[in-house]
Number of protein chains: 2
Amino acid sequence: MTSETTPALAEDTALVGFQEHDHENCVDSALAIAESRCKDEGLRLTPVRRKVLEMLLQEHRALGAYAILDRLREAGFGSQPPVAYRALDFLVDNGFVHKIERLNAFVACAHPGATHSPAFMICRKCDAVAEAHSAPAKGALGAAARAVGFEIERTVVEAEGVCPDCTEKA
Amino acid sequence: MTSETTPALAEDTALVGFQEHDHENCVDSALAIAESRCKDEGLRLTPVRRKVLEMLLQEHRALGAYAILDRLREAGFGSQPPVAYRALDFLVDNGFVHKIERLNAFVACAHPGATHSPAFMICRKCDAVAEAHSAPAKGALGAAARAVGFEIERTVVEAEGVCPDCTEKA
DNA sequence: GGCATACATGATATGGAATAACATGACAAG
DNA sequence: CTTGTCATGTTATTCCATATCATGTATGCC
């Protein structure tokens, strides 16, 4: 589901996911950014954590916790659920990885470094996931929240539909 | 996960959204609306389905599938997972119930009758859930989708935070 | 009525997601 | 060296979800 058609579109903003890109480079640079950010902020990007991030970057799609666990086992790490969940917790808490609630699965963040409130487009045919930015608290939801006195701390925004590749094939 | 600490519903009022209301009446009228809509559209609101809807309306908060299953068992229905999931599928497909992805749980729709794309406010302290309307496809996400050719069919919008009651208590 | 069909339910079994609880190891600070 | 903290590992369990097959029930058609 990665690489294939799709012309280059305004690259540097919002979208990564349904477009071609230099994959090798994107994995390496994302890992480098993660390492540097961890160093700066005193976070420990340990081997398990790094491995999980690396494989999510490599796959470039959402992986379930048990798929991650399988790969950890193959790589010689612990293979019980908490091993994966703890690494994922760390990565999610620090913004390196996002959880896709709709799929109960995880993807590497496409915009590392930036603090953001992500939105996702999920293809129901091929499970490809693209990350965009959202500002849900500024629209109708934000108004509703203010009206009743609800304090928004975090938002989940996920659009389900069909990606350009799958539309084309059909 | 959804805590089972409901004090008996002796009162006629409970929290919808985060506001008081005439609970008895709201359950009855919602059931009536559902029945009438099913009749109109040739849908079969069978006993299991009706029971599930009724108990979600009664509880007025998100219930997990197995909590629902427990109640079905008590009411003399089948007690295996598919029984609950099939009823829930029917109710969700027809807009009587929404699934809260963040909680892997289900709530009765607060705006029956209207076709809508709901948004939710979920209190992380007490798990209360309020429903609002959203139009995510009209904002930044919609623009991003159009830009890459992603066809949005459905959206999940869930805000996590603290409800007015819990804010007050703190 | 008898029959075919579609749909609803029931029961079994299994797979995947997530966490509780407890033990060990590595390491830095005092 | 001891203590505290954080990361990892392991066991066990609970909850969420679906595939599969069998049975029942309403409906419409001949």
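For clarity, every value in this text was computed on a predicted model and none was experimentally measured. We name chains A, B, ... by the order of the sequence lines, and we start the count at 1 in each one.
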- d(CG, A/N104; P, C/dA18) in whole Å: 5 Å
- To the nearest Å, give me how far apart CG (B/L69) and P (C/dA11) are. 11 Å
- Message: If you count every heavy atom of other residues, nucleotides or ligands that lies below 6.0 Å from B/E41 atom CD, does the total exceed 12?
- Response: yes
- Message: Applying a 4.0 Å non-hydrogen cut-off, can you work out what B/R86 is touching in the nucleic acid: base, sugar-phosphate, or nothing?
- Response: base
- Apply side-chain contact (heavy atoms from CB on, under 4.5 Å) to the pair A/E101 and B/V156, showing each step before the final yes or no. CA-CA 9 Å; A/E101 298 290 343; B/V156 172; 5.9 Å; no
- Are B/Y66 and the base of D/dC15 stacked, counting only ring centres nearer than 5.5 Å and planes tilted under 30°? no
- Message: Using the side-chain heavy atoms of B/P81, tell me which of these nucleotides is nearest: C/dG10, D/dT18, C/dA21.
- Response: D/dT18
- Message: Rounded to whole Å, how long is the line connecting atom CG of A/L43 with atom P of D/dT5?
- Response: 18 Å
- Query: Nearest-Å distance, CD1 (B/I100) to C1' (D/dC16)?
  - Reply: 16 Å
- Query: Quick one: is D/dT8 close enough that its OP1 or OP2 comes under 4.0 Å of any side-chain N or O from A/T46?
  - Reply: yes
- Would you check, one step at a time, whether the test side chain to side chain donor-acceptor pair (under 3.5 Å) holds for A/H98 with A/H116? CA-CA 11 Å; A/H98 301 297; A/H116 57 286; 3.1 Å; yes
- Query: How many Å lie between CG on B/D93 and P on C/dC7, as a whole number?
  - Reply: 14 Å
- Got a sec, which pairs hit ring pair (Phe, Tyr, Trp, His ring centres under 6.0 Å) with one end in residues 151-170 of chain B, sequence neighbours left out? none
- Message: Expressed as a whole number of angstroms, how long is the span from B/L88:CG to D/dA17:C1'?
- Response: 11 Å
- Query: For A/E24, does the CD atom have more than 12 heavy-atom neighbours from other residues, nucleotides or ligands under 6.0 Å away?
  - Reply: no
- Task: Rounded to the nearest angstrom, tell me the gap between atom CG in A/D70 and atom C1' in C/dG15.
- Result: 12 Å
- Message: Need to verify one output field. Residue with the more 5' nearest nucleotide on DNA chain D, B/R44 or B/P82?
- Response: B/P82
- With respect to the phosphate group of C/dA18, does any side-chain polar atom (N or O) of A/Y85 fall under 4.0 Å of OP1 or OP2? yes
- Derivation and outcome, side-chain contact (heavy atoms from CB on, under 4.5 Å), residues B/K125 and B/C163: CA-CA 8 Å; B/K125 292 194 176 175; B/C163 76; over 6 Å; no
Give every donor-acceptor pair under 3.5 Å between a side-chain atom in residues 63-72 of chain A and any protein atom, sequence neighbours left out.
| from | atom 1 | to | atom 2 | distance (Å) |
| --- | --- | --- | --- | --- |
| A/D70 | OD1 | A/R73 | NH1 | 3.1 |
| A/R71 | NE | A/E59 | OE2 | 3.1 |
| A/R71 | NH1 | A/A67 | O | 3.2 |
| A/R71 | NH2 | A/E59 | OE2 | 2.9 |

- Using atom CD of B/E41 as one end and atom C1' of C/dC7 as the other, report the distance to the nearest whole Å. 18 Å
- Item | Comparing B/V83 and A/K99 on DNA chain C - which has the more 5′ nearest nucleotide | B/V83
- Query: For DNA chain C, what residues of residues 47-55 of chain B have any heavy atom nearer than 4.0 Å?
  - Reply: B/V48, B/R49
